[in-house]
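Accompanying notes for the structure given below.
Chain identifiers are assigned alphabetically (A, B, ...) following the order of the sequence lines, protein sequences preceding nucleic acid strands; residue numbering begins at 1 within each chain.
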Amino acid sequence: MSSAAVPALRAIPDEVRAKVAPVTLAGDHLLPLISPLAAVVPWGGLRRGTSISVQGSAGFGATSLALALIAEATQRGSWAVVVGIPSIGLTAAAELGVALERLAVIERPKTSMWASVVGALIGSFDLVMVSPQHRLPPSDQRRLSSRARERGTVMMSVAADPIGTSDLSFKLINSGWEGVGEGHGYLRSRQVLLEVGGRREASRPTTVRLRLPGASGKVEVVDDLDDPHFSPASSPDGVACEVVPFGRSFA
Amino acid sequence: MTQPHPVRTLAVWCLDWPVVASGHDPDSPVAVLVANRVVASSVAARDLGVSRGLRKREAQGRCPQLIVVERDLAREARAFEPVLAAVEEFTPRVELTRPGRCAFATRGPSRYFGGDEALVDLVYQRVTEALEGRTVCRVGIADGPFAAELAARHRRAIASGSLVVAPDRAAEFLAPLAISSLERPELCDVLFRLGLKTLGDFAKLPGADVLARFAGDGLLAHRLASGLDERPPNTRLPAVDLSFAAEIEPPAERVDQAAFVARSLAEKLQEALEQRGAVCTNIAIEAETEHGETQVRLWRHEGALSAAAIVDRARWQLDGWLNGCEASRPTGGLNRLVLIPEEVVAAKGRQLGFWGGATEMDERAMRALTRVQAMLGAEAVCVPEVAGGRSPAQQIRLVPVATTDIAARVEQRSPVQAQPQACQQAQPSTLPPWPGRLPAPSPAMVHGSSVPVGVVDADGNAVSVSGRGVISQPPNRLVVPGKAPLPIEFWAGPWPIDERWWDDRTRRRCARLQVVTADGVARLLVLEGGAWFVEATYD
């Protein structure tokens with residue numbers, strides 16, 4: 001090959017090169033994640049066929065985190081389905097970046113049909129988000145998880161209580177809001193403390209502080225982990241509390 | 001290279017078949033819907049402005065007395081059975097493209113009945129009798145099924161009932177017809193904007209250039225427009241016996257039992273075809289009863305018949321036979337089913353559409369949703385739709401998947417975004433601006449008004465909001481029934497909303513409050529009719 005051809009090859013943008021690559025790389029077995037979350041999980045994405053648990057008391061951001069986890073994959077063409085979480089906030093899903101045209105919601109599947117419904121969805125959807133309210137018999141549980149492993153579907157359980165072991169587990173430890181004061185301001189951003197653990201490479205838990213979402217609406221990693229007190233209502237830049245939309249005029 | 005002649009074909013076209021099959025009076029305004037869009041309408045409805053592609057509500061707006069029916073292909077196939085039986089009196093090899101349209105090669109019949117003109121008249125009379133005045137039919141003869149069908153639908157055929165295009169004149173006949181006759185909306189749209197308004201204009205383009213620009217499907221359209229056979233020569237594989245048969249024991253009395261057998265046969269056939277790298281475009285489905293009655297139907301498809309499509313066709317055919325009119329109904333149960341691929345072409349692999357379109361992942365997801373719908377009912381499976389509103393629950397609403405066309409939704413939105421981190425761009429621009437809606441972030445758990453709570457001030461009195469939107473006292477504690485009161489650390493609001501005050505039934509007057517309790521949980525509270533509710537949790 002002549003030396004002149006090499007710079008020409010380098011000029012090909014990465015995404016074009018990725019598209020024309022002839023082989024299936026190991027990376028294709030990963031579902032993409034938005035960059036702040038990709039930085040905190042061991043493989044930089046969600047491995048197909050694995051199970052994920054997102055756990056946190058109500059109000060600590062478990063649902064938001066679950067939506068943020070599926071956002072990038074749905075943008076890139078994967079389909080996601082939410083089973084048995086009737087209260088899921090779809091506006092929040094859109095704001096966190098979920099492509100709504102590739103999202104389906106089954107609000108209240110009958111308890112008796114739950115296993116067969118989820119079984120039908122596994123394999124056809126890349127991401128299945130469930131709320132494990134029903135205690136499934138262990139045999140059903142095993143059957144579903146082996147099917148998911150075989151078909152490359154990521155099963156994501158979102159719950160307030162600890163769930164059994166999963167390949168990757170996210171646990172929200174606490175949460176604090178910024179931007180709201182005593183009678184003024186409005187909720188702008190939230191900081192959460194997130195523990196990421198799981199099996200194999202993820203077995204050593206790491207803790208990370210996230211803005212879920214930050215003031216710009218995106219998920220961000222908080223860099224200054226040393227800052228021990230992030231108290232609600234004191235925004236780091238001090239801007240949030242000064243903005244009063246229309247609350248004060250009525251007070 | 002000499003092109004072989006397309007097979008001279010006679011096409012029968014029954015007008016408004018979905019409407020006729022619905023069984024409603026043909027003079028009343030009827031519209032047939034698929035996924036909330038009109039796909040066919042009766043003459044009376046068309047006169048009132050109901051056209052294809054309208055939404056149900058738009059159609060009903062134009063014609064309030066409109067009778068709306070959902071499309072049922074099995075019903076259409078069943079109703080078409082007598083017509084098919086009438087056509088079968090002329091030749092045993094009748095090909096069906098879809099209920100309402102059929103075609104057969106005229107070489108033998110034409111000679112036997114004394115020429116094309118005579119054959120056309122006979123077929124027209126016989127089919128008109130079979131239709132019993134429910135609708136009218138049109139008959140056309142030309143070289144190739146495509147030209148024959150257009151001949152049947154030509155305006156001269158509409159005037160006289162039939163049209164015969166002389167042999168070797170198909171290209172001339174097709175040349176002045178509108179480009180939209182190709183029935184490929186996206187391609188036709190592009191061609192029209194390129195200034196190619198008739199099939200003749202399109203046919204004048206060099207085939208190689210069309211292939212280069214519009215890929216395989218474009219070339220196929222070009223061949224059709226040029227009056228050639230739809231498939232280039234020598235693509236047909238040597239005939240190997242790929243037929244699959246199954247004995248049904250005990251004989252099947254119901255269609256679903258037979259369809260179950262058809263499914264396993266179709267899957268075997270599909271596997272055998274895949275091993276040879278081929279797809280089937282024309283299939284004969286043969287059924288035999290325990291008393292020896294047989295029925296054979298030929299089903300034709302423009303693309304490739306998938307296993308599911310074969311099962312559908314078997315189901316339609318058997319439904320028409322087993323549940324059809326008394327005279328033609330078999331006397332016993334089905335005990336044998338055979339699938340015979342009549343025409344097999346090399347599989348060129350499915351190419352993604354030039355204009356985006358549904359990917360394989362989309363199709364898989366849609367199939368799974370259909371399956372779950374069958375388990376739980378049509379209402380249980382929902383997809384989000386941007387609706388607009390002030391409360392988090394209203395802005396994006398869930399609609400049953402049966403009422404929307406998900407394929408169109410996926411295509412409408414930008415295709416899969418290639419750039420990494422695309423979703424990190426702010427999204428809310430997709431939501432329409434509603435004055436008074438809460439600013440982002442929106443709550444991730446929306447409870448509706450089902451969770452009643454108490455909000456009290458420092459002295460334990462209930463907090464209220466006056467008619468002028470002034471809060472009585474700063475809220476101090478949140479009382480969730482059955483739990484210890486939660487101290488409120490921070491709060492914002494109240495934001496009063498007076499919606500739809502002009503409408504007694506849907507008017508809503510309420511005030512919203514965001515509160516953060518000591519445990520770090522933020523909630524959206526709403527005061528309506530003197531009672532507080534948790535509308536949503538910022539989970």
Side-chain angles (χ1 to χ4, degrees), chain A residues 15 32 34-35 58-64 67 71-72 75-79 87-92 94-95 97 99-107 109-110 113 116-117 120-121 124-125 174-177 180-187 190 213 216-218 232-233 245-247 250-251, chain B residues 359 361-362 364-365 367-369 371-372 375-376 380-384 392 395-396 398 401 409-410 413 416-424 426-428 430-431 439-447 469-471 474 489-496 514 516 519-522 536-539:
Chain A
E15 59 259 37
I34 50 175
S35 61
F60 278 13
T63 314
S64 296
L67 290 171
E72 182 70 14
Q75 291 281 353
R76 305 262 206 104
S78 291
W79 277 76
S87 59
I88 193 154
L90 296 162
T91 315
E95 284 168 4
L100 292 181
E101 69 273 13
R102 287 193 204 88
L103 182 73
V105 181
I106 298 166
E107 287 188 285
K110 274 181 240 149
M113 304 282 280
S116 47
V117 166
L121 296 168
S124 302
F125 284 78
N174 61 22
S175 130
W177 281 89
V180 62
E182 289 182 43
H184 55 87
Y186 65 96
L187 298 173
R190 158 170 58 186
S216 60
K218 299 174 194 170
F246 38 91
F250 291 110
Chain B
T359 62
M361 273 196 279
D362 296 339
R364 263 191 301 158
R367 276 202 299 274
L369 289 181
R371 204 152 65 231
V372 175
M375 290 182 204
L376 298 175
V381 185
C382 296
V383 287
Q395 284 162 21
I396 295 176
L398 283 175
V401 69
R409 275 160 54 96
V410 173
R413 288 292 304 261
V416 179
Q417 292 171 3
Q419 309 89 355
Q421 307 309 321
C423 69
Q424 285 280 293
Q427 273 271 321
T430 55
L431 300 175
S442 297
M445 270 172 85
V446 181
H447 310 292
V470 180
I471 199 157
E489 287 202 325
F490 305 99
W491 57 280
W495 299 305
Q514 285 179 334
V516 182
D519 53 3
V521 177
T537 306
Y538 289 83
D539 186 29

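Chosen from B:S442, B:P474, B:A492, the residue pairing most often with chain A at heavy-atom distances under 4.5 Å is B:S442. Ranking A:P32, A:S116, A:G217 against chain B, the residue ahead of the rest is A:S116, based on heavy-atom pairs under 4.5 Å. With respect to chain A, the highest number of heavy-atom pairs below 4.5 Å among B:D519, B:V401, B:T537, B:L369 belongs to B:L369. Between chain B and the residues A:G59, A:P213, A:G61, the most heavy-atom pairs under 4.5 angstrom are made by A:G59. Note: A:V105 leads A:L67, A:V105, A:V117, A:I88 in heavy-atom pairs under 4.5 Å with chain B.
The shortest heavy-atom contact between B:W495 and B:Q514 is CH2-OE1, 3.4 Å. The nearest pair of heavy atoms linking B:I396 to A:T91 is CD1-CA, 3.8 Å. Between A:R190 and A:F60, the shortest heavy-atom contact is NH1-C, 3.9 Å.
Of the two parts of B:P443, only the backbone, made up of N, CA, C and O, holds a non-hydrogen atom closer than 4.5 Å to a non-hydrogen atom of chain A. Heavy-atom distances place the side chain of B:V372, and not its backbone, under 4.5 Å from chain A. Both the backbone and the side chain of A:A104 come within less than 4.5 Å of a heavy atom in chain B.
Contact of the B:V516 side chain with the A:L187 side chain is registered, since non-hydrogen atoms from C-beta on lie closer than 4.5 Å. With a 4.5 Å cut-off on side-chain heavy atoms, B:W491 and A:E182 count as touching.
Between the side chain of A:Q75 and the main chain of A:G97, a donor-acceptor pair closer than 3.5 Å is present.
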